[in-house]
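Every chain is numbered from 1, with letters handed out A, B, ... down the list of sequences.
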Amino acid sequence: MTDNAQLPPQYSPGEVEGPRYALWEKAGYFTADPERDAPTFSIVIPPPNVTGVLHIGHALDHTIIDTIVRRRRMQGYTALWLPGMDHAGIATQNVVERELAKEGLSRHDLGRERFTERVWQWKAESGGKILGQMRRLGDSVDWTRERFTMDEGLSRAVQTIFKRLFDEGLIYRAERIINWCPRCLTALSDIEVDHSDDEGELVSIRYGDGDDSIVVATTRAETMLGDTAVAVHPDDERYQHLVGQTVALPLTGRRIPIIADEHVDPAFGTGAVKVTPAHDPNDFEIGRRHDLPSLTVLDERGVVTAHGPFQGLDRFEARPAVVDALRELGRIVAEKRPYLHAVGHCQRCGTTVEPRLSLQWFVRVAPLAQAAGDAVRDGRVTLHPAEMNARYFAWVDDMHDWCISRQLWWGHRIPVWYGPEGEVRCVGPDEEPPAGDGWRQDSDVLDTWFSSALWPFSTLGWPDDTPDLHAFYPTSVLVTGYDILFFWVVRMMMFGLYAMRDRPPADSVPFRDVALHGLVRDATGKKMSKSRGNAVDPLDWIDRFGADATRFTLARGANPGSDVPVSDEWAAGSRNFVNKLWNAARFALGHGARVPRRRPDPAALSAPDRWILSRLSSVIAEVDRDLDRFELAKACDTLYHFAWDEVCDWYLELAKIPLNAAVDHPDDAAAQTAAEATREVLGLVLDNLLKLLHPVMPFVTDELWTALTGEESVMVAAWPRLSFDDPVAEAELSAVMRLVTEVRRFRSDQGLRPSQRVVARLRGLDGSAAAGHEEAVRFLLRLTPPADDFTATAAIEAEGVTVELDTAGTIDVAAERRRMDKDLAAARKEADQAQAKLNNPSFTAKA
RNA sequence: GGGCGCAUAGCUCAGCGGAAGAGCAUCCGCCUUACAAGCGGAAGGUCAUAGGUUCGAACCCUAUUGCGCCCACCA
């Protein structure tokens with residue numbers, strides 16, 4: 001027995017994690033070499049916004065990705081996890097503007113150029129924090145390939161694809177009603193608007209007088225100043241006589257036509273609707289159909305511009321003012337208040353969005369969305385879980401054109417110049433912008449998601465034909481939260497397929513699999529938020545429980561597509577598991593466990609040895625199957641129970657028998673041989689267990705594996721493969737365990753003290769298992785010999801009382817064998833198929 | 001208004017056609033020389049409700065109720 005003074009009885013993550021990460025980085029384990037002769041595996045990070053720090057949701061995402069990547073690396077792939085960050089246009093600009101506001105400045109005080117410099121400066125500070133956090137988490141990212149969406153290379157990719165889309169008519173500029181944030185002062189895309197049912201009012205207003213009057217209902221009374229028509233349904237009998245007439249618009253005296261349009265629902269309200277083409281998307285469409293003028297009555301801040309008493313009022317002040325004025329004129333027919341209806345809010349600042357008529361740039365999405373849908377339909381891309389398909393198809397099959405221009409300063413400037421004669425020229429990355437008087441560049445920038453959409457290939461060097469692009473595109477898996485399925489995943493699909501359309505269809509997709517996870521929630525399933533005070537800071541957990549425990553807690557809850565509840569208690573449970581592992585290793589190392597050079601000969605092994613190896617080989621198959629399906633939670637659960645319940649609770653206890661015997665009888669050669677065999681099995685089991693756990697718990701496993709093998713790092717060890725089925729040993733041990741459990745229960749039920757002598761007399765299981773395991777049973781029960789006749793029923797004498805336990809029963813070894821063979825065969829087959837899929841040459845871009 | 005999903009032990013969730021499971025929490029007993037961040041034992045569920053299919057249903061079908069999420073231009 002060697003002394004184990006080198007390992008303390010409690011694991012201290014803080015002492016291990018920093019040095020381990022430094023070692024990995026220094027050794028270059030994270031760096032993927034595209035020239036290496038091996039299949040490739042690649043994942044691009046969902047780039048965190050530079051606006052802040054990583055939250056627990058990032059920790060979940062990174063844990064899943066790192067687990068996947070580390071396993072592939074061990075399986076021999078050239079595995080790349082490409083890191084980087086997103087410039088997050090509107091979010092970052094808002095943050096920096098807030099900083100400026102503290103100094104009493106606005107961005108206009110600095111001017112565009114100096115403001116942008118200021119943002120870059122801010123990015124340098126904030127981005128550094130994020131990178132440090134990723135190291136603390138243990139992310140095995142390839143730091144040599146770190147990217148930023150505003151990098152020169154990525155900006156070139158943006159310009160390239162913009163030009164291509166423009167030239168092919170898939171990007172156009174048009175005057176449309178768009179979502180406008182009156183606080184951020186920019187256009188927003190449809191999905192950047194969050195709808196909620198808010199309390200408003202529904203007022204019915206009488207337009208015109210007498211028989212020719214008509215009553216309209218509206219929630220936006222203030223916009224009536226910009227009405228240019230009243231619309232009714234063409235089949236509505238009530239208003240037939242008015243269609244084609246004009247009616248006087250109150251407060252303004254303008255006369256507006258009454259028109260008939262299919263869009264109007266005769267059953268809603270009065271069946272008549274005011275038409276304000278400049279301030280409502282539906283009305284805009286009606287206006288287009290009927291050639292109505294658009295009258296803008298609100299400016300970019302939502303302030304009334306129409307001449308008259310309301311001019312200068314904010315939209316929310318103008319509304320009651322207009323209603324009051326109408327009421328005085330006796331034109332308010334009905335008022336419903338509160339009236340609950342859907343109102344759009346700016347995703348970034350919560351301000352009520354204003355539909356606004358303006359000139360913006362759009363992507364014509366129809367053909368791109370069609371392709372994005374097809375790639376999933378024909379199986380080139382697989383969504384996990386498959387339940388997300390419905391949502392995905394519903395989205396891509398009915399997608400509106402994407403408004404991509406933003407009236408911001410932080411972002412990719414739109415590469416279009418306007419000439420003095422009204423010329424419009426889109427400038428590609430290798431072209432000189434037009435020079436000369438009167439030419440100016442579009443002042444807007446692109447939606448931040450425009451550049452994110454290029455991420456899977458822009459980060460690999462596109463539009464250049466680089467070795468990286470060759471080796472790592474398509475990426476293997478995209479791991480992200482379902483909350484950005486539409487923002488990001490769909491758009492990567494559209495742009496990836498478009499940019500890579502020269503490739504064979506199977507290789508044009510941006511990724512093969514999409515593994516969607518949920519949000520991290522608290523222990524009662526509530527959403528985490530700072531204001532609620534239930535948010536977990538991943539760094540806090542890492543400090544208190546260690547990175548491995550933090551990762552394990554997240555991974556253990558990561559069922560595909562569903563939210564992940566966590567709590568301090570569960571993190572503590574994970575920490576306990578890490579410590580359990582630590583102590584198991586400490587025990588094994590202290591008893592001279594070592595990894596055998598060759599696979600042990602089953603004939604030379606004891607039943608417990610064969611049992612644990614048989615179990616180990618099943619566990620490997622199970623873990624492989626689960627990880628191939630992105631079922632992290634299942635894999636973690638399997639490993640947790642195998643390590644704790646089987647290895648620690650039973651095998652290590654059983655191993656003490658031969659190990660102690662060897663110490664007690666130093667001159668007994670047979671005892672020494674038996675102990676040596678057990679040391680090897682112990683080493684083998686520990687070796688494999690540490691490897692299996694390494695992807696999810698990289699630090700502690702690396703530390704222990706290094707101690708076990710003397711090698712540098714488990715990161716570069718080969719992923720376990722072990723075929724060792726022994727149904728007989730499993731049946732035997734199962735009988736022993738049941739027997740022991742039964743007796744323990746009896747002891748506990750009888751309230752026996754440890755000091756009370758207990759004798760179990762066990763007669764042999766008829767023709768089977770436990771018969772040969774008297775010693776083990778005695779040891780596990782701490783029985784006093786002699787107990788020489790074993791029986792199918794265990795008789796226990798305690799305190800002079802004899803109790804018959806109807807226990808072990810008989811074990812049908814043949815049936816056990818059949819059952820396990822069946823399960824194992826199925827598991828193996830699946831694992832092999834998954835392996836075959838990954839080894840398929842078409843999977844890698846390498847020729 | 002459409003679409004999707006969920007209802008299983010006190011809490012959070014696995015199980016998805018063949019004898020009700022896990023983690024945490026609870027109770028009882030143990031400082032047993034790897035680990036008290038531990039060990040052994042226990043208690044706790046007509047698997048939302050009502051029908052149906054089946055030899056057999058937590059699991060499949062139908063309806064109901066209650067939640068959750070996504071999408072949506074009903075003024």
Side-chain angles (χ1 to χ4, degrees), chain A residues 4 7-11 177 190-191 195 202-204 216-220 223 230-231 263-265 267-276 280-286 339 341-342 344 355 385 387-395 398 400 482-483 485-486 518-519 521-525 527 545 549 553 556-557 559 561-591 631 633-634 636-637 640-641 644-645 648-649 652-653 655-656 660 740-741 743-754 780-782:
Chain A
N4 52 24
L7 295 183
Q10 285 197 354
Y11 173 57
I177 293 267
D190 291 348
I191 48 176
H195 292 270
L202 183 68
V203 297
S204 302
V216 299
T218 181
T219 55
R220 305 265 344 245
T223 65
V230 171
H263 171 262
V264 181
D265 177 3
F268 184 91
T270 59
V273 57
K274 64 194 265 307
V275 181
T276 324
D280 183 281
N282 298 315
D283 294 4
F284 180 75
E285 291 303 320
I286 294 175
Y339 178 75
H341 66 126
E387 286 80 55
M388 289 294 173
N389 282 344
R391 224 178 250 191
Y392 179 86
F393 291 135
W395 177 261
D398 186 28
H400 295 180
Y482 59 70
D483 53 325
L485 180 61
F486 303 137
L519 274 39
R521 295 177 179 271
D522 75 7
T524 59
K527 206 168 172 174
F545 306 114
T553 305
R556 208 180 178 190
N559 291 114
S562 56
D563 291 342
V564 181
V566 299
S567 74
D568 278 14
E569 286 72 24
W570 303 346
S574 298
R575 176 206 53 195
N576 295 353
F577 177 53
V578 171
N579 198 54
K580 186 75 179 174
L581 192 68
W582 176 263
N583 275 291
R586 204 160 72 96
F587 169 83
L589 293 170
H591 285 87
E631 299 265 17
K634 283 200 183 72
C636 287
D637 201 55
Y640 180 92
H641 288 293
W644 201 312
D645 300 349
C648 290
D649 288 350
L652 292 189
E653 292 304 315
K656 285 174 183 173
N660 288 345
V740 168
T741 302
V743 174
R744 280 174 178 164
R745 183 177 300 134
F746 169 77
R747 284 194 62 127
S748 181
D749 288 351
Q750 298 298 313
L752 301 183
R753 317 247 67 191
L780 291 167
L781 289 171
R782 296 174 197 291

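Rounded to whole Å, atom C1' of B:C71 lies 7 Å from atom CZ of A:F486. Note: CZ (A:R586) to P (B:A34) measures 8 Å, nearest angstrom. In this structure, A:H400 atom NE2 and B:A72 atom P are separated by 7 Å, rounded to whole Å. Remark: P of B:C39 and CZ of A:R744 are 11 Å apart, rounded to the nearest angstrom. Distance, A:D265 CG to B:C74 P: 12 Å, rounded to whole Å. Across the protein-nucleic acid pair, A:E631 atom CD and B:C16 atom P stand 10 Å apart, rounded to whole Å. Taking atom CZ of A:R745 as the reference point, atom P of B:C30 lies 20 Å away to the nearest angstrom. For A:E653 and B:U33, the CD to P distance is 11 Å, given to the nearest whole Å.
Heavy atoms of A:K527 sit nowhere under 4.0 angstrom from any nucleic acid atom. A:V264 comes within 4.0 angstrom of a base, heavy atoms only. Across all strands, A:L652 comes closer than 4.0 Å to base atoms (heavy-atom distances). No contact: A:Y482 has no heavy atom under 4.0 Å from any strand. Within the 4.0 angstrom heavy-atom criterion, no nucleotide atom of any strand lies near A:S567.
Nucleotide B:C69: paired with B:G3 (Watson-Crick or G-U wobble, both distances less than 3.5 Å). Base pairing analysis places B:G40 opposite B:C28; the two distances defining the Watson-Crick or G-U wobble pair are each below 3.5 Å.
Using the six-membered ring where Trp is involved, A:F577 and A:Y640 have ring planes that are tilted, between 30° and 60° apart.
Candidate nucleotides B:G23, B:A34, B:C39 were compared by shortest atom distance to the side chain of A:D649, and B:C39 ranks first. Taking every side-chain heavy atom of A:S562 into account, B:A14 is the closest of B:A75, B:U12, B:A14.
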